[in-house]
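To start, the structure itself, in structure tokens.
When reading the values below, keep in mind they use all heavy atoms of this one structure, side chains included, and skip hydrogens, waters and symmetry mates. All chains are named by letter (A, B, ...) in the order of the sequence lines, taking the proteins before the strands, and each is independently numbered beginning at 1.
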2 protein chains.
Amino acid sequence: MDAKHPVRTTEKTLALVEELMDRGPCGVTELADGLEMGKSAVHNHLTTLQKHGYVLKTGDEYQLGLKFLEVGGSTRKSMEFYQVAEPEVKSLANETGELANLLVEEQGMGVYLMRSKGEEAVDLDTYAGLRTHLHTTALGKAILAHLPESRVEEIIERRGLERKTPRSVGSREELFEALEGVRDRGYAIDDGERLEGLRCIAAPVKDSSDEVLGAISVSAPASRVSDEDLHGKLPERVLSAANVVELNINY
Amino acid sequence: MDAKHPVRTTEKTLALVEELMDRGPCGVTELADGLEMGKSAVHNHLTTLQKHGYVLKTGDEYQLGLKFLEVGGSTRKSMEFYQVAEPEVKSLANETGELANLLVEEQGMGVYLMRSKGEEAVDLDTYAGLRTHLHTTALGKAILAHLPESRVEEIIERRGLERKTPRSVGSREELFEALEGVRDRGYAIDDGERLEGLRCIAAPVKDSSDEVLGAISVSAPASRVSDEDLHGKLPERVLSAANVVELNINY
DNA sequence: ATTTTTCGTTCTGCCATCCAGAACACTTAA
DNA sequence: TTAAGTGTTCTGGATGGCAGAACGAAAAAT
């Protein structure tokens, strides 16, 4: 359902924030051109955001401030799922030495809640807060596999099935087949679909009434994950982490 | 400098966000009462924010969404200081087994960029994005000690010197005396000022032109920090971490 | 040096639009 | 049934957002 009476002024402010996020620090004129707004309007919005800490001015340039991190950090902290899962994801990273991730679904997209790097972890350009299409990652597929089919259809409808790389899922049939496999195995795999040479294993976390709360994963370069590990020790470790979270979430 | 022509509508939206952050999930009426706005106005703002992912509706309640984390996370990721310091703070936490933190100054307040928990770390209720008055923590004092005196005066003027606990800094004289000590030693100490039984050591990070970028700290219970450690091994380790960051930041 | 361009900022007045208040649909409680 | 609560929709009149013009300063071009 969408807004019947959207507040246009607020939408302009939000567009400005997004533009500032994409462009990084920049001046009034550049923003006004990009947004097709008058300079004075942009200036008024910027100074208003600055007054409240959402925007900073350094010299003649404006940029986003850390107030967003405050609001976002506070939101994340208030999520029980994050509180419980966070230490488990850290252990997972430390014990495997690889990159461990935590993802939840929001409005049909996957949102990374955190990532934790082990000793030898690859450095992907994911970060807390980053959004991805659910069908493009092992984490996302682990979640989709345990949502009601109607929700999955809704999400496909709303967010599409764009193919990120030639090897990735790109059609309704491929996706449902993949999700079937995830349910059978209990975990999801991404073998170079998102990034050549990168293997990911993800397991869903469900609450006591069987609803998915999110997913936990480990990402590692193919060179360190043998074919046996891919269906042996590694999923076992990820599933175990997911299980601990499930046990702790309802006491 | 503050806004000459503030966008009032945007300010209402921001007030709504802050209210939602303080109250957590709640209904339209409750927000309208708290903000002294009409229900329809609140509703319009909420649906607008929802449309853009900043707010979620579950049943009859509204709450903040993870879009703020996306913007905040992206802002943090774009900071060179964070990129360079992050691995060092993690090592510091792992090697000491305690809680390590990273703070920067923004608009006269301290903002935690991250925290990393070692094996035995205490669990303070700090989180990435949290703001604190600079004079109340070792991290903040490490930063204040290396800002120009005029900036410090400005910050005191703007943010005050409220005493958080009886033992903490609470006057201009106490503060400047403390900052003098920080400059002499090279690091700042909080011995139970913020929280009874908690000891913190913080070191500033400066760039090549001697400007403070932020501060790094370790927090540990007094029971695990002997009086010798407090002025011996621990500061040494924190200073070394700060030094590594300084070396890496300018190549 | 002088001119020209480009920047951020300020001002004004018209017209878009925000929002109080009332009415509505629905759920829960008495 | 009634009553009190909720979120949502609608309307019109006062509010206030913003295009456009003007300004001062700084940088670039002549």
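Residues passing the side-chain contact (heavy atoms from CB on, under 4.5 Å) test with B/E154 are B/R151, sequence neighbours excluded.
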Set out, line by line, the N/O atom pairs under 3.5 Å between protein and nucleotides 22-24 of chain D.
none

- Treat a base pair as Watson-Crick or G-U wobble with both distances under 3.5 Å, then lay out DNA chain C in dot-bracket form, 5' to 3', with | for cross-strand pairs. ..||||.|||||||||||||||||||||||

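Here the side chain of A/N44 is nearest to one of D/dG7, C/dC19, D/dC18, namely D/dC18.
Comparing A/H45 and A/H5 by the nucleotide of DNA chain D whose heavy atom lies nearest to each, the residue mapping closer to the 5' end is A/H5. Nearest-nucleotide positions on DNA chain C place A/T47 closer to the 5' end than the other of A/T47 and B/E36. Projected onto DNA chain C by closest heavy-atom contact, A/E61 and B/S40 fall at different nucleotides, the more 5' of which corresponds to A/E61.
With A/R172 as reference, A/E153 is the one residue of A/E153, A/E149, A/E177 to meet the salt bridge (charged side-chain N to carboxylate O under 4.0 Å, His left out) rule.
Contact annotation: B/H43 reaches the phosphate of D/dT8 (side-chain N/O to OP1 or OP2, under 4.0 Å). Of the side-chain N and O atoms in A/Y62, one or more sit less than 4.0 angstrom from OP1 or OP2 of C/dT9.
Contact annotation: the side chain of A/Y62 approaches that of A/T47 to within less than 4.5 Å [non-hydrogen atoms, C-beta and beyond].
Every pair passing side-chain hydrogen bond (donor to acceptor under 3.5 Å, both in side chains) that includes a residue from residues 28-40 of chain B is listed here, sequence neighbours excluded: B/R23-B/E30. The side-chain hydrogen bond (donor to acceptor under 3.5 Å, both in side chains) pairs that include a residue from residues 5-16 of chain B are A/T10-B/T13, A/T13-B/T10, A/K51-B/E11, A/H52-B/E11, B/T13-B/H45, where partners are two or more places apart or lie in different chains.
Atom NZ of A/K4 is separated from atom C1' of C/dC24 by 15 Å (rounded to the nearest Å). Atom CG of B/D60 and atom C1' of D/dG7 are 6 Å apart (whole Å). Put simply, NZ on A/K57 is 12 Å from C1' on C/dC7, counting in whole angstrom units. Between the CG atom of A/D33 and the P atom of C/dT6 there is a distance of 11 Å, rounded to whole Å.
Within the nucleic acid shown, A/T29 comes within 4.0 Å of sugar-phosphate atoms alone, with no base atom in reach, counting heavy atoms only.
Ion pair B/K90/B/E86 flagged as a salt bridge, since at least one NZ, NE, NH1 or NH2 atom sits closer than 4.0 Å to an Asp/Glu carboxylate oxygen.
Using a 4.0 Å cut-off on heavy atoms, the residues of residues 6-24 of chain A that approach DNA chain D are A/T9, A/K12, listed by number.
Scanning both residues, B/I249 and B/E80, for their nearest heavy atoms gives O-OE2, 3.2 Å.
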